[in-house]
Amino acid sequence: MAEPTLTLNGRTVAFQPGQTILEVAQGAGVYIPTLCYMKDTLPTGSCRVCVVEVEGARTLLPACATQAAANQVIQTESPRVAAARRMVLELALASGNHNCLICEANGECELQALAYRYQVPTPAFAAPPDTPYYFEDNNSMIVRDFSKCIMCGRCVRGCTERQVNDAIAIGYRGSHNKIVAKADKTYIESDCVFCGECVQSCPVGALLDKNAIGQGRSWERTTVRTVCPYCGVGCQLEVHVKDDRILKVTGADAVPNEGRLCVKGRFGWHFVHHPDRLTTPLLRKNGELTPVSWDEALDYVAARLTEIKAKYGPGQIGGWCSARITNEENYLMQKFMRAVLGTNHVDHCARL
Amino acid sequence: MITCSCAATPPAQLTPAQWEKIDAIIAKYKDVPGNLMPVLQEVQEAIGYLPPEVQDRLAEGLNIPGSHIFGVMSFYSMYTWRPKGKYVIRFCESPPCHVLGAENLLQMAQEELGIGLNQTTPDGLFTLETSACLGVCEVAPAMQINEVVHGHLTRERFRQIIADYRAGMAPDYTTLTCTTYEISRYKQPPTDLVLLKNVGKIDPENIDDYLAAGGWQALKKAVTTMTPEQVVEEVKTSGIRGRGGAGFPAGLKWSFTRPLTVTPKYIICNADEGEPGTIKDRYIMEGDPQKILEGMAIAGYAVGASQGYIYVRGEYYLSKHRLAKAIEQARARGFLGKNLFGTDFSFDIEVRSGFGCYICGEETALIESIEGKRGYPRMKPPFPGVSGLWGKPTIVNNVETLASVPAIIEKGGAWYKSLGTPDTTGTKIYQIIGHVATPQIVEVPAGITLRELIDTYGGGMRPGSTFKFCQTGGASAGIVTAAALDTPLDFGSLAQVGGALGSGTMLVADQSVCVVDFVRAVAKFFAHESCGQCTPCREGTPLILRTVNRICRGQGTLEDLALLERLGAAMIDASFCPLGQTAPAPFLSAYKNFRQEFEDHITKKVCAAGVCRLG
Ligand SMILES: Cc1cc2nc3c(=O)[nH]c(=O)nc-3n(C[C@H](O)[C@H](O)[C@H](O)COP(=O)(O)O)c2cc1C
Ligand code: SF4
Ligand code: SF4
Ligand code: SF4
Ligand code: SF4
Ligand code: FES
């Protein structure tokens with residue numbers, strides 16, 4: 001059977017049944033803005049910035065949550081769409097205190113990008129800048145600044161659908177709506193496990209990685225793709241770096257983690273720049289740990305192992321390696337212990 | 001640093017006996033699907049409030065995340081996580097009470113009690129709150145104290161009521177015959193009653209009365225002499241359009257669900273009755289509850305459902321009480337339960353309660369609420385008839401719709417169709433409220449005119465009063481002027497003149513009403529009741545309110561009017577559900593009909609009705 005088609009801005013486009021209008025448009029290279037839409041989670045169709053005009057429909061329809069149907073005639077930027085979209089953006093901007101000057105999200109904020117694209121300034125009806133909003137800064141990892149929250153609900157879907165932590169939900173009603181942890185307490189008093197998925201899900205500057213605040217604008221940072229040094233899952237990381245210093249870590253959209261991380265991978269990187277971190281081998285000389293070269297250290301270890309093996313036998317030597325090295329390295333370690341030293345005494349700490 | 005702590009509460013000091021009660025409620029509902037709402041309601045009833053410690057216990061006992069529990073609780077107006085007074089006073093501030101002076105009375109109540117809004121008297125007796133429409137508009141201005149309604153409020157009456165409560169004379173709602181007036185007080189129509197036939201004539205708490213009046217015979221006829229398809233066909237023939245507001249043909253709706261092979265299917269009776277000015281379903285629930293059960297059972301037989309739910313708004317305590325009693329008696333007599341009339345048709349019904357939330361009258365939000373969630377409307381399609389409660393085919397019908405069904409089966413669809421107008425067949429319960437001499441409900445064949453409704457059943461305008469406008473169908477519908485007085489009150493005709501039949505309520509306003517101030521009261525309602533799911537309505541409804549408020553205070557500009565028009569257009573186009581899509585309608589139609597009045601507030605700083613304090 002021929003693929004069904006629809007008309008998108010006057011163009012005939014084929015689609016797969018089950019696709020949303022947004023997916024069809026993305027496939028056809030037609031831009032439709034989104035805010036609440038988040039890949040791999042159920043569309044809620046709630047922000048309404050993606051509305052499009054579908055011939056025969058009484059109202060505009062959200063592209064992210066409306067199924068494509070055969071022979072639909074869709075306009076993505078008609079005057080009617082533009083007017084509604086503009087008002088949605090104005091309302092979102094007016095709902096908080098969007099002063100981009102000192103906002104962490106500046107430069108990577110999805111709301112700012114849309115305001116720019118559609119040339120929508122903060123409207124005159126916005127609440128005055130001194131309007132109080134909920135602000136939470138009582139833990140070492142995440143800051144919640146709801147003067148920037150646009151109630152897209154992405155953090156909640158990140159927490160419940162992607163991480164299945166169920167630590168947060170949408171609370172209250174109407175314009176009082178607010179993202180809440182249990183009993184509307186702070187994250188640290190709640191079921192939150194500080195995986196930071198919500199921070200990564202937030203399209204604006206409402207949920208912040210505390211360590212990075214004020215440390216560098218998005219365009220001043222470079223990202224380094226690497227593997228999480230902690231457990232055997234091997235999550236893919238983006239390490240955000242400025243002047244050779246890590247500012248924050250986010251999950252890379254790749255297997256196995258597809259963007260997700262746990263508290264260690266995301267927030268547990270301070271050892272990298274810690275003054276106590278070992279940067280050279282240390283050898284105890286006259287009872288004092290003294291920095292030495294790798295050559296000196298390896299020569300010493302090789303000499304001592306040979307000596308101990310000769311004197312006491314290989315069964316008196318044990319090896320202990322780490323879950324934070326790769327499988328290949330662990331393989332080599334046991335090979336070395338068994339084949340070179342001739343002992344079965346090898347183990348590693350699978351727990352961190 | 002934490003800038004606000006909205007839920008900060010002192011640690012609860014519950015006694016072991018209270019914890020035992022809580023655990024017993026958890027145990028009772030542990031395996032009931034969608035148990036969160038009933039559990040929260042019963043625990044609040046038992047303990048008085050739902051502090052964080054209790055939320056934790058429920059989270060553990062019901063295996064529901066604590067975040068979800070708070071998210072649900074905080075969505076509904078009637079839950080509280082802070083202790084309140086023994087008596088919670090809910091003052092209605094919706095348009096029907098507003099036009100009868102509710103705002104001044106609220107001020108008066110604060111003076112009388114010596115407390116502000118949302119505060120509790122030092123003796124712990126009274127907490128004063130406001131509420132959206134309580135559904136008792138025939139006695140406006142009104143308040144509800146716990147389960148009991150007190151209407152026609154004046155300072156003297158309020159003082160007396162408070163004194164009575166202080167003296168320990170709080171009425172027991174289960175002993176009242178009805179919440180407001182007995183129907184016999186009202187002017188009766190010359191035509192035959194279908195829906196209200198038994199109301200006020202039979203004892204609603206005694207199934208024998210209903211049986212003596214021919215009750216449960218229609219179900220018997222349906223299940224023993226008709227196929228389900230024939231029942232659907234009969235309802236189709238009747239032409240009955242849903243009475244919940246949208247007017248969708250009930251038979252057609254059933255015919256979509258009937259052939260689906262998915263099981264189980266559900267029947268939901270929508271008894272949320274939250275549309276301001278709407279009071280009709282309450283009379284049926286309080287006066288003839290068995291009829292609703294019978295209608296639901298017939299619907300169940302027609303579409304192949306075996307379980308029904310009645311979702312009653314939280315404030316309707318007497319309705320819930322009567323329905324629960326009726327279900328118990330119907331079960332005991334074998335009209336509900338397994339193998340009815342010796343056939344293999346089984347059907348049972350459960351009452352579920354809302355808890356202060358207008359949007360839960362919207363059918364998909366209602367379904368979410370029964371499932372124990374926040375009342376967020378769902379995307380349609382799929383429609384509930386295909387995928388509703390727990391994803392199963394679900395028929396949602398209004399109380400009045402379902403209560404019409406037994407008569408349709410008994411006397412035939414053709415008979416029903418012969419009543420009313422071709423557009424809106426059958427009889428309809430109209431509600432005439434506001435500035436008429438005798439606000440009341442009346443059941444007549446659909447299609448009487450607004451003039452006849454006002455003059456004959458409303459007793460004319462109240463003394464010294466002239467008609468200014470009428471808000472038709474509820475808060476979300478348009479305003480019509482005297483030009484519409486001779487329009488038949490049916491779905492089609494009213495839509496043509498910029499009104500809507502909606503729930504059949506007609507709120508009449510006289511010359512004392514300032515249309516801008518009226519729009520402000522409507523805007524307040526929507527800002528209070530928006531669910532907040534989508535941006536246009538969540539942010540738009542309070543923006544309408546703020547802007548109209550400014551105009552009422554003499555600080556408006558002509559740009560404000562332009563903004564309201566632009567905002568209204570975007571809300572109509574881009575809101576998620578009909579609430580946001582219709583919330584701007586009252587302003588837009590008022591502005592269309594009374595443009596001068598709006599502009600006078602702005603340019604001349606004049607409120608012709610003398611209601612607004614400008615500048
Ligand atoms: C905001 C909103 C509130 C509603 N409130 C009610 C209500 O209180 N009672 C009701 O029966 N229908 C209400 N409805 C209509 C229902 O969604 C639904 O159409 C109706 O229950 C279907 O029953 P019917 O076809 O018998 O009218 C409401 C709709 C909306 C959009
Ligand atoms: S959240 Fe976005 S729009 Fe708001 S202030 Fe920050 S950068 Fe600007
Ligand atoms: S940090 Fe993780 S667990 Fe905590 S609220 Fe965010 S997503 Fe949920
Ligand atoms: S905190 Fe961020 S992700 Fe969560 S609702 Fe607000 S804007 Fe959306
Ligand atoms: S239109 Fe209003 S009530 Fe409807 S979903 Fe949007 S916010 Fe909720
Ligand atoms: S992206 Fe579609 S409604 Fe938000």
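Chain letters run A, B, ... following the sequence lines, proteins first and then strands; every chain starts at 1.
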- Message: Take a 6.0 Å sphere around CD of B:Gln13 and say whether it holds more than 12 heavy atoms from other residues, nucleotides or ligands.
- Response: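 Not buried by this count: 12 neighbours or fewer within 6.0 Å.
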- Heavy-atom neighbours of B:Glu565 CD exceed 12 at 6.0 Å: yes
Residue [X] versus chain B: region with a heavy atom under 4.5 Å:
{"X": "A:Ile168", "value": "backbone"}
{"X": "A:Pro62", "value": "side chain"}
{"X": "A:Asp191", "value": "side chain"}
{"X": "A:Ile150", "value": "backbone"}
{"X": "A:Ser190", "value": "neither"}

Given that the side chain runs from C-beta out, which part of [X] has a heavy atom under 4.5 Å from chain A: side chain, backbone, both or neither?
{"X": "B:Gln533", "result": "both"}
{"X": "B:Pro542", "result": "side chain"}
{"X": "B:Gln581", "result": "side chain"}
{"X": "B:Thr541", "result": "neither"}
{"X": "B:Leu543", "result": "side chain"}
{"X": "B:Asp560", "result": "neither"}
{"X": "B:Cys357", "result": "both"}

- Message: Taking the ring centre of each residue, are B:Tyr76 and A:Tyr172 less than 6.0 Å apart?
- Response: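 B:Tyr76 vs A:Tyr172: aromatic centres not under 6.0 Å.
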- Message: Evaluate A:Ile170 against B:Tyr376 for side chain to side chain contact (heavy atoms under 4.5 Å, CB included), listing each step before the verdict.
- Response: CA-CA 11 Å; A:Ile170 298 179; B:Tyr376 269 9; 3.4 Å; yes
- Item | Least distance between heavy atoms, B:Phe70 atom then A:Asp184 atom | CE2-CB, 3.5 Å
- Task: Dump the intermediate steps for side chain to side chain contact (heavy atoms under 4.5 Å, CB included) on B:Glu539 and A:Val88, then the final yes or no.
- Result: CA-CA 9 Å; B:Glu539 308 300 335; A:Val88 168; over 6 Å; no
With a 4.5 Å cut-off on heavy-atom pairs, point out which of [options] contacts chain A the most.
{"options": "B:Ile69, B:Leu567, B:Val72", "value": "B:Leu567"}
{"options": "B:Arg374, B:Met379, B:Gln55", "value": "B:Arg374"}
{"options": "B:Ser77, B:Ala527, B:Ala59, B:Cys537", "value": "B:Ser77"}
{"options": "B:Gly71, B:Ala570, B:Ala569", "value": "B:Gly71"}

Tell me whether [X] contacts the main-chain N or O of [Y] through its side chain, where contact means a donor paired with an acceptor under 3.5 Å.
{"X": "A:Asn177", "Y": "B:Gly532", "value": "yes"}
{"X": "A:Arg48", "Y": "B:Cys534", "value": "no"}
{"X": "B:Ser67", "Y": "A:Asp166", "value": "yes"}

- Query: Under a 4.5 Å cut-off applied to non-hydrogen side-chain atoms, are B:Thr535 and A:Leu89 in contact?
  - Reply: no
- Side chains of A:Phe125 and B:Leu563: closer than 4.5 Å at any heavy-atom pair? yes
- Rounded distance (nearest 0.5 Å) linking atom NZ of A:Lys182 with atom CG of B:Asp56: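 One finds 3.5 Å between NZ of A:Lys182 and CG of B:Asp56.
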- Report the residue from A:Arg173, A:Met151, A:His176 that forms a side chain to side chain contact (heavy atoms under 4.5 Å, CB included) with B:Arg538. A:Met151
For chain B, which candidate among [options] shows the most heavy-atom pairs at distances under 4.5 Å?
{"options": "A:Ser95, A:Ala92, A:Ala84, A:Ala124", "result": "A:Ser95"}
{"options": "A:Ala181, A:Cys47, A:Ala94, A:Cys159", "result": "A:Cys47"}
{"options": "A:Ala167, A:Gly174, A:Ala169", "result": "A:Gly174"}

- Under the side chain to side chain contact (heavy atoms under 4.5 Å, CB included) criterion, do A:Val81 and B:Asp573 qualify, and how do the steps go? CA-CA 9 Å; A:Val81 170; B:Asp573 253 357; over 6 Å; no
- Item | Electrostatic pair B:Arg566:A:Glu90 at N-O distance under 4.0 angstrom | yes
